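For reference, positions follow the sequence shown, starting with 1. From a predicted model like this one, the values you see are computed outputs, not experimental measurements. Counting convention: from 1, in listed order, for ligands and their atoms alike.
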Amino acid sequence: MNIVFIAAEVIPFAKTGGLADVCGTLPIQLEELGHDVSIIMPHYRCVGSKEAFNERADVDTIGRNIRVYFIKNKKFFDRPYIYGENGGDYPDSAERFGFFCHEAMKLLKDIGKLVDIIHCHDWQTGLVPVLLRENYAGDPFFALTRSVFTIHNLAYQGIFPRENFPALGVEDGLFNERQMEFYGKINLMKAGIVFSDYVTTVSPQYAREVQTHDWGCGLEGVLQARRGRFMGILNGLDYRVWDPEHDSLIDPKYSVKEWLAKKIHRDQLRSVFKLPPYADIPIFGFVGRLFAQKGFDLIESAMEGLMQRPLQIVFLGVGEDKYERLLKKLARKYPQKCGVLIRYDEDIAHQVYAGADFFLMPSVYEPCGLTQMIALRYGTIPVVSAVGGLLDTVTDFSSSKKKGDGFFLSSYSVSGLLEAVDRATGVYSQKEKYADLIKHAMACRWTWETSAKYYIEVYQACSS
Ligand code: ADP
Ligand code: GLC
């Protein structure tokens, strides 16, 4: 099959979160399964200059022969941030990503190779299925092309005022409740869901959750209507990158047999975060975007209780101003026990995964989550809320049943969090049980190989 990914972020070119990991890794797996894959993304400032393809796009290669096309436009993409400042979106984002979608479709015709599947990701690409179905309806070039739309995070829907609709370059009549309108505004996530041939999201549990009133962010009805062509496929992890045995960003490397090397990493981590050495108390780590989704309101409420316990915590992340300020405040208040680095830093992220003993992830909701999967591989035990992909990838530890690789919050509350942390630190102090826990965690494999096969089935279902 000839498959084209269209996405707003792709590793190794531009990344703010897991979307980039998925869009830079799944294509490589699909290529390994024998498919022809290319990728289209914007030419942000951080992408740097590449070989020119034509006046519309530059091009680079990943995998064996995956062509990555970067849509050029100085006005829209030559900016300091990918989406906007402080975790927000630039005010002209409808026009900006609308332009990107139109140019991507034109580029496919410039390339001139017939496409079986256009695989779109999140609201930034939600216009593509509309263009395919409407603007290019009679175009023989796209006659056999089908679209798949993957929801990575339903809370971000690309909602814009009605006045922006003409800038999207589609028939005005599409602004109606069944198609692109949502309570009087444009909704580009809804557009992608309604117009694509198949909709997926990034874990089976999240696929169930988003069809309910509590988690559907107003689109539960739209998703229920697509039930027969909506599926949750768990993200995978690229174990070539995330493997403590071969990770070039950590020293020493370690396998499951040598997991005690984590103690050396723990000491290194303390010095990176300027925390004093404490004999044998565990470190809880967090790596991720600093947004409400990741549970910072709960962390704020639980912090006093946490800091009374024999543990230290380190946070690495960037995001919303208020959470950056909150973390800095906590680091000032608890200099012995809480370390904070407000930045995006691959090297330090690897050090946290290797050096922390537990990975704190009390997400309010979590479509899939890659960080807990990475943590597992590094023997860093996840302490997580019981939602979305966390439920699909972590198993609560039970020493009597000799199974489990993490700890779930018993309820989404301060007491639920503290109880999970107490269970975790309780096991930490019992050598044998803790060794079992680490072994279970490091044995987990959530591979792209498995997930890619499900995507192929989805692509085939679209074309049949
Ligand atoms: P989300 O997509 O919701 O941000 P995921 O768990 O799916 O969460 O993916 C987050 C990805 O981004 C992981 O690869 C994680 O290591 C990386 N990441 C997030 N914040 C940082 C940071 N500050 N520095 C380095 N890597 C980060
Ligand atoms: C989103 C979600 C995260 C998921 C990632 C990749 O950013 O928040 O849970 O892992 O997309 O699909």
Side-chain angles (χ1 to χ4, degrees), residues 5 7-12 14-26 82-83 87 119-125 149-157 189 200-207 209-210 215 217 232-239 241-242 247 249 272-273 285-296 314-320 323-324 327 340-354 356 359-378 380 382 384-385 387-394 446 448 451 455:
F5 272 54
E9 42 180 291
V10 180
I11 54 162
K15 166 166 167 178
T16 69
L19 170 66
D21 293 285
V22 173
C23 294
T25 314
L26 174 57
I82 295 180
Y83 300 121
H119 190 159
C120 305
H121 299 265
D122 272 352
W123 73 261
Q124 291 85 357
T125 61
F149 184 72
T150 295
I151 301 166
H152 292 262
N153 194 335
L154 193 63
Y156 298 89
Q157 299 185 358
M189 180 72 96
T200 70
T201 188
V202 288
S203 70
Q205 174 65 20
Y206 191 60
E209 289 171 358
V210 291
W215 301 106
C217 307
I233 303 176
L234 195 71
N235 285 334
L237 193 63
D238 186 349
Y239 288 97
V241 175
W242 300 110
D247 186 338
L249 297 177
V272 171
F273 280 86
F286 171 90
V287 177
R289 295 176 300 111
L290 308 180
F291 284 86
Q293 174 194 347
K294 301 291 175 185
F296 284 100
V314 299
F315 295 95
L316 171 68
V318 284
E320 235 182 282
Y323 296 120
E324 293 188 356
L327 290 185
V340 170
L341 288 173
I342 302 294
R343 66 174 96 138
Y344 185 93
D345 190 312
E346 290 285 344
D347 293 24
I348 298 179
H350 284 246
Q351 290 172 23
V352 176
Y353 293 123
F359 194 79
L360 188 63
M361 200 170 172
S363 305
V364 178
Y365 68 93
E366 196 59 69
C368 179
L370 299 173
T371 49
Q372 83 283 8
M373 297 190 203
I374 303 171
L376 283 166
R377 183 69 193 104
Y378 284 71
T380 301
V384 298
S385 46
V387 291
L390 300 174
L391 270 174
D392 286 335
T393 52
V394 177
W446 303 106
W448 272 117
S451 312
Y455 278 107

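Remark: Gln124 CD to Tyr156 OH distance equals 11.0 Å, nearest 0.5 Å. In this structure, CG in Leu26 is found 6.0 Å from OH in Tyr455, a value given to the nearest 0.5 Å.
Remark: the backbone N or O of Gly236 is paired with a side-chain donor or acceptor of Trp448 at under 3.5 angstrom. Side chain of Glu209 to main chain of Gly388: a donor-acceptor pair is present (N/O by atom type, distance under 3.5 Å, no hydrogens or angles). Between the side chain of Tyr344 and the backbone N or O of Arg289 there is no donor-acceptor pair closer than 3.5 Å. Between the side chain of Gln157 and the backbone N or O of Cys217 there is at least one donor-acceptor pair closer than 3.5 Å.
At a heavy-atom cutoff of 4.0 Å, ligand 1 is contacted by no atom of His152, backbone or side chain. Counting heavy atoms closer than 4.0 Å to ligand 1, residue Thr371 contributes atoms from both its backbone and its side chain. In Gln372, neither the side chain nor the backbone holds a heavy atom less than 4.0 Å from any atom of ligand 1.
Shown in contact with Ala349 at under 4.0 Å from a heavy atom are these atoms of ligand 1, numbered in order with element: 25 (C), 26 (N). Listed by number with element, the atoms of ligand 1 under 4.0 angstrom from any heavy atom of Gly317 are 23 (N).
Taking the six-membered ring where tryptophan is involved, the planes of Trp242 and His350 are essentially parallel, since the angle between them stays under 30° and well short of 60°. Taking the six-membered ring where tryptophan is involved, the planes of Phe359 and Phe286 are essentially parallel, since the angle between them stays under 30° and well short of 60°.
The shortest side-chain heavy-atom distance between Asp21 and Val241 does not fall under the 4.5 Å cut-off. Side-chain atoms of Tyr323 and Phe315, non-hydrogen and from C-beta on, never get closer than 4.5 Å to each other.
Looking at atom 2 (O) of ligand 1, its nearest protein heavy atom turns out to be Gly18 N, 2.6 Å. For atom 11 (C) of ligand 1, the closest non-hydrogen atom on the protein side is Asp21 OD2, 3.5 Å. In terms of protein heavy-atom proximity, atom 12 (O) of ligand 1 is closest to Lys15 CE, 3.3 Å. Looking only at protein heavy atoms, the nearest one to atom 24 (N) of ligand 1 is Asp345 N, 3.0 Å. Counting protein heavy atoms only, atom 5 (P) of ligand 1 is closest to Leu370 N, 3.5 Å. Among protein heavy atoms, the minimum distance from atom 22 (C) of ligand 1 is reached at Tyr344 CD1, 3.5 Å. Of the protein's non-hydrogen atoms, the one nearest atom 23 (N) of ligand 1 is Arg343 O, 2.9 Å. Ranking protein heavy atoms by distance to atom 19 (C) of ligand 1, first place goes to Gly288 CA, 3.6 Å.
Under the side chain to side chain contact (heavy atoms under 4.5 Å, CB included) rule, Ser203 has a single partner from Ile233, Asp392, Leu391, which is Asp392.
Contact between Cys368 and ligand 1 is absent, with no heavy atom of the residue lying under 4.0 Å from the ligand. Residue contacts with ligand 1 leave out Met373, since none of its heavy atoms falls under 4.0 Å from the ligand. Ligand 1 lies less than 4.0 angstrom from a heavy atom belonging to Tyr353.
Using modelled atom types and a 3.5 Å distance limit, the side chains of Ser385 and Glu366 yield no donor-acceptor pair. A donor atom on one side chain and an acceptor atom on the other are not found under 3.5 Å apart for Asp247 and Tyr353.
Between Met361, Glu366, Arg289, Lys294, it is Lys294 that holds the heavy atom closest to atom 8 (O) of ligand 1.
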Could you pull out every N or O of ligand 2 that sits under 3.5 Å from a protein N or O, with the distance for each pair?
unit_1	atom_1	unit_2	atom_2	d
ligand 2	8 (O)	Gln293	NE2	3.1
ligand 2	9 (O)	Glu366	OE2	2.5
ligand 2	9 (O)	Cys368	N	2.9
ligand 2	9 (O)	Gly369	N	2.9
ligand 2	10 (O)	Gly369	N	2.8
ligand 2	12 (O)	His152	ND1	2.6
ligand 2	12 (O)	Asn235	ND2	2.8

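Scanning all heavy atoms of the two residues, the minimum distance from Pro204 to Leu234 falls at CD-N, 4.1 Å.
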